[in-house]
Amino acid sequence: MSDWIQQFFTGDTSFWTAFWWAALMVTGQIGLFMVVLLISLAFLLLLDRKVWAGVMLRKGPNVVGAFGLLQSFADFGKFLLKEIIIPAGANKTVFLLAPIMTLTLAFICWAVVPVAPGWVISDLNVGVLYLFAISSLGVYGIIMGGWASNSKYPFLGSLRSAAQMVSYEVSIGFVIVTVILLVGSMNLTDIVNNQEGGFWNWHAFSLNNIVIAPVMFAMFVVFFVSALAETNRPPFDLPEAESELVAGYQVEYSSTPYLLFMIGEYLNIVLMCAMLTVLFFGGWHAPFPLPFTEDMAPWLIAFGSFAVFATKVLFFFFLFAMVKAMVPRYRYDQLMRLGWKVFLPMSLVAVLVVSGYVVYAGVQA
Amino acid sequence: MDLIAFYILATIVTVAALGVIVSRNPVHSVLFLILAFLTSAGLLVLIGAEFLAMLLIVVYVGAVAVLFLFVVMMLDVDFVELKQGTLGYWPLGLIAGALMFGEIALVTFARGNVVSAGQFDPSPGAETNAEAIGLVMYSDYLLLFQLAGIVLLLAMIGAIVLTLRGKTSVKRQNIGKQVARTRAEAFELKDVQPGEGI
């Protein structure tokens, strides 16, 4: 301890450079990610509601703050101040653990998402697999919540949701495999850098590998639809189909636990948008080569790249909101058919085609 | 630092494994099992086998344990009643436990040189863990790998056959027919005169 104090006062920096500096940096990065995500989420929620309102020719929230900009914060305050109701006969520990788990899992996914060159908390070698693994855990929050509520509708909702999420995970996995095959790496930064140059190099279009371009575009669509199903968004929101199940697994939740569920759900949606951007839409790379950026300061390029990334994520979020506003809900057997009989064979064939092309043309580095 | 992380994770694994067998509520048991799986994945990351760790999470936690949880939640059995007679089985349990412990001890002593984390190479002959596994799996053990694939395929087909009963009383949706339906088949416009009905 005295060494530590001595080092501090003599200005010896070896203490900081050793271990604690790194730990502090990582903690700071995590904090920054969380704050930025939560604040942008507040406005994304508003955007979501405004888009639906626009489609329905309503005005949407417009009372709190200018243009309703502070609506999400008002909702937040309301959620926090209400009473937490735990139903009699509920399994209290699991009941409260479920929303916490949903939120935590939604947050820890972001640890590997590169939002700009070098702007990533942990540049894992198996980044894609990590994302896939963690998002496959998301189903637990829902099952636990539905079971612990000790009530019929939540339980039915959670059973539906679990079956749905497990089904669509399979095709998401195969779609990810096609991208991994093209890149030859599971590192998300490598995947993004493989799409450098312009929109013709993005995996969604793959015009540089013209033979498999239609296949990759189809895979992009499959991923988008599966992402809708995976996040329980309309038209696949059967877990909370209000006309059949009241609100699915969320029926018994109120106040802060409900808020945690909702934030977790929306974080997952934004994560799926980010995954679409990283895997198929070139991540932080601009759609056209920008020669004038070559002699710009690195920090300026980093912020510019982040802006490009954020714009793409916003675009996909807008698409998610438009889908919710326009498409009617699927029937449950249609949902299962789409997952197992359409998407799974399609993505399996795509894996075959892409791997054949990769071996034949030798595109991998 | 690695050592501290190892001991924390190992403690959690042990406690979770104990929780699996001790807890009265079977759902809690499964949740403890999931915790044990997750923490074991953490242990795998610690020795540098991150690919295996992620696979462990995807396969066991993401798929297998979900099914466990399903089954356990659907069972409406009074487990306290079920456990009444279990105390009589303790000699059998003791023998099984002693056997397993003996086997592990035998292997540990027979090998003698137990590799510690520092000397362990998680990705021999390749840059990453995933590559190393792929190289071994698709060259040295190709036949065994494919055999395992065939066994899994057979198991899958078997499961499907078991659920196929060819019931005629169930109404099945014919999606092709539903999609092909046109407005002309579904609608008929009638001009109803007042006071007459159709």
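For clarity, every value in this text was computed on a predicted model and none was experimentally measured. Naming: A, B, ... by sequence-line order, numbering from 1 per chain. Only heavy atoms go into these numbers, but all of them, side chains included; no hydrogens, no water, no symmetry mates.
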| field | Atom group of A:Leu137 that falls short of 4.5 Å from chain B, counting heavy atoms | value | side chain
| query | What part of B:Leu38 gets closer than 4.5 Å to chain A, counting heavy atoms only: side chain, backbone, both or neither? | reply | side chain
| With only heavy atoms counted, which part of A:Met186 is less than 4.5 Å from chain B, the side chain, the backbone, both or neither? | side chain
| said: So for A:Leu97, is it side chain, backbone, both, or neither that comes closer than 4.5 Å to the heavy atoms of chain B? | reply: neither
| query | Heavy-atom count around A:Phe107 CZ within 6.0 Å, excluding the residue itself: above 12? | reply | yes
| If you count heavy-atom pairs under 4.5 Å with chain B, which of A:Asn125, A:Leu159, A:Val166 comes out on top? | A:Leu159
| task | Go through A:Met165 and B:Val66 one step at a time and tell me if the side chain to side chain contact (heavy atoms under 4.5 Å, CB included) criterion holds. | result | CA-CA 11 Å; A:Met165 287 169 89; B:Val66 173; over 6 Å; no
| note | Scored by heavy-atom pairs under 4.5 Å with chain B, the best of A:Ile134, A:Ile143, A:Val139 is A:Ile143
| request: Identify the heavy atoms of A:Ser136 and B:Gly62 that sit nearest to each other, and give their distance. | output: OG-CA, 3.7 Å
| query | Given that the side chain runs from C-beta out, which part of B:Gln178 has a heavy atom under 4.5 Å from chain A: side chain, backbone, both or neither? | reply | side chain
| said: I need the residue from A:Val94, A:Leu129, A:Thr93 with the largest number of non-hydrogen atom pairs under 4.5 Å to chain B. | reply: A:Leu129
| message | Quick check on the interface: out of B:Leu31, B:Ile57, B:Val27, B:Leu69, who has the most heavy-atom pairs with chain A under 4.5 Å? | response | B:Val27
| field | B:Leu162 atom CG, neighbour heavy-atom count above 12 within 6.0 Å | value | yes
| said: For the CG atom on B:Leu154, are there more than 12 heavy atoms of other groups (residues, nucleotides or ligands in this structure) within a distance under 6.0 Å? | reply: yes
| task | Would you indicate whether B:Phe68, at its atom CZ, is surrounded by more than 12 heavy atoms from other residues, nucleotides or ligands within a distance under 6.0 Å? | result | no
| message | With a 6.0 Å cut-off (strictly less than), is the heavy-atom count around OH of A:Tyr330, excluding the residue itself, greater than 12? | response | no
| Does any heavy atom of chain A fall under 4.5 Å from the side chain of B:Ala41, the backbone, both, or neither of them? | neither
| query | Taking it one step at a time, do A:Asp333 and B:Ile175 satisfy side chain to side chain contact (heavy atoms under 4.5 Å, CB included)? | reply | CA-CA 9 Å; A:Asp333 64 299; B:Ile175 300 273; 4.2 Å; yes
| said: For the OH atom on B:Tyr60, are there more than 12 heavy atoms of other groups (residues, nucleotides or ligands in this structure) within a distance under 6.0 Å? | reply: no
| Can any side-chain N or O of A:Tyr140 pair as donor or acceptor with the backbone N or O of B:Val61 at less than 3.5 Å? | yes
